[in-house]
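Chain letters run A, B, ... following the sequence lines, proteins first and then strands; every chain starts at 1. Model, not experiment: these values are computed from the prediction.
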Amino acid sequence: MTQRDSESMIRLEGVGLRYGSAEPVLRDISFSIPSGGFRWLLGPSGAGKSSLLRLLYLANRPSVGHLSILGQDINAATRRDLPPLRRQIGVVFQDFRLMPHLSAFDNVALPLRLAGRPEGQIHADVEEMVRWVGLQRRASARPAELSGGEQQRVAIARAVIGRPSLLLADEPTGNLDDRQATRLMQLISEMNRLGTTVIVATHNESLVQRYPGRSLRLAEGQLINDV
Amino acid sequence: MSKRSLLRPARFDDLGLRRALSDRLLPALVAAMTFLAALTLAGVMVASSVAHHWQTGAAAILTVQVPQPGTDTAGGTRLDRVTTLLRGSPGIASVRVLSSTELAELLRPWLGNATQASALPLPAVLDVRLSPGTTEPDPTLQGRLSEVAPGTFMESHGLWLQRLTTLARSLQACAAAALLLVAGVGAAVVAVAVRAGLAARRDAIDIVHGLGATDSFIAGQFANRATLLAAAGGCLGAVAALPVLLALASLASPFLDTLPSDALLPTLPMPLWISLPILPLAAAAIGWLTARVTVHRWLRRLP
Ligand SMILES: Nc1ncnc2c1ncn2[C@@H]1O[C@H](COP(=O)(O)OP(=O)(O)OP(=O)(O)O)[C@@H](O)[C@H]1O
Ligand SMILES: [Mg+2]
């Protein structure tokens, strides 16, 4: 691996993470993903997949090691440098993390509003995205009024609405039926083809078999292969 | 697509602060603070006005009473001789003999209207002003006055004036301290409310922070809300203070010649009219600044 930072979207060298003073949940992780690459992130429950993604969407900084994302050295970055990076990263959280007091529509629109996009330019895009995830009839419902799969589709729509350079999806098909999972994978493939770097963490082996791709496999906080 | 999401209000509440920073307690507390500030401000102004009044208008007054003023002596009446002596003394700026009407006015509280018609032997009263910078008359003056017109009595207000001025200054300092305290307590009230709001919206803040919201954006949302609530409280407090201030002004008007006591409605001194609308602005500014500082400090815990 001799790629320079400017060519790799993500680059980790000897990265470790511990929460507080507990045992480290990630140890000595090194890999890099070029811009426009795709990776499955696999491993048993508790292996540290979500924790690794947390590092990549900048919710945690590495306890040790070196991390660079979107060509930016995260170890050297200040708090002020991070928000513009976060706005280029779309995340589907395992627990969705929707705003409870906002409608599905407004949850999807949130990244665009935070990016300062004028209200007039937001509507058409959000409407199209809401329709694409099949929630046009539920657009004004709040998360608590939606089923698990509907909430997951709102989370997916919110992650991709801003056309991120990096898409991180944590178990994005966990609450979807087969048809919806297939549609989601088609969307993800299409975005990847158009240049978005994608990492999808999942337990769903049949999905991985249907969409073969390179994978990162974690076990007990360590990377056991990068194939 | 439903109407509810399409008709998005212009200033949308992404963080749900309309409920997290409620429009009940904070405005009420800020209103109370503003009310206190208005009263304090009125106190400062009355004290300043009194101090000013005494320092310029009535500064360094000397009153000289001449009994049996009309009695002729070698160099004219006793009053003439005293007046001449005073006018020729160093450190004296002006000498004015009070007219009989002024005298009657001064005595009316004690003698009623009887003075006008009565043949009471009233002394002449002279209003003497010392030159600027002089607070006490020449110590030999009393002796020389008694020489030209025995029984003449001189009363200096210098020391009394100094004490009055000191008192007025102390009152002003206390009022300024009270204003600072009120502003400080107001800021603390806003900080507590904002912190409660931050705790109530912790998850929402985590989410927008994760989506790339800047600290300034999040602080701005809180600051907008806090400014609005503080301004509302400030207006409420200032309006509530108005009738009280007007009542106080009407009570104070006989003592301050700047106020027309015969006006149909009591009016406030100009500086108070100017500073009363400034109070809600000050409350809003305190709300804005406190909210921003509080939120920025709180956000430092996030990566
Ligand atoms: N905030 C946290 N504080 C402390 N420990 C944590 C925290 N989050 C995760 N962990 C621990 O870190 C380890 C890895 O958790 P993580 O969520 O990354 O696993 P995962 O691979 O995503 O599992 P799953 O497939 O079940 O989602 C687990 O042992 C978990 O208990
Ligand atoms: Mg997980």
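- The candidate with the highest count of non-hydrogen atom pairs below 4.5 Å against chain A, out of B/Asp203, B/Val208, B/Asp206, B/Leu211, is B/Leu211.
- Side-chain atoms of A/Arg79 come within 3.5 Å of backbone N or O of B/Leu299 as a donor-acceptor pair.
- For the pair B/Gly212 and A/Pro83, the tightest heavy-atom approach, listed with the atom from each and the gap, is O-CB, 3.5 Å.
- If you measure heavy-atom distances from A/Arg158 to chain B, the contacts under 4.5 Å come from the side chain alone.
- In terms of heavy atoms, A/Ala59 sits closest to B/Pro303 at O-CG, 3.0 Å.
- Summarising the geometry of B/Leu15 relative to A/His101, their closest heavy-atom pair is C-NE2, 3.3 Å, with the distance given to 0.1 Å.
- Among residues two or more places apart in sequence or in another chain, the side chain to side chain contact (heavy atoms under 4.5 Å, CB included) test is passed with A/His203 by A/Ser45, A/Lys49, A/Glu171.
- Most heavy-atom pairs under 4.5 Å with chain A, from the set B/Arg19, B/Arg201, B/Arg300: that is B/Arg300.
- For chain B, the nearby part of A/Leu98 is the backbone; its heavy atoms alone come within less than 4.5 Å.
- Rounded to the nearest 0.5 Å, atoms CG (B/Leu302) and CG (A/Leu58) are 13.0 Å apart.
- Applying the 6.0 Å contact sphere to CD of A/Gln121 captures more than 12 heavy atoms from other residues, nucleotides or ligands.
- Side chains of B/Thr214 and A/Arg80 form no contact here, defined as non-hydrogen atoms less than 4.5 Å apart.
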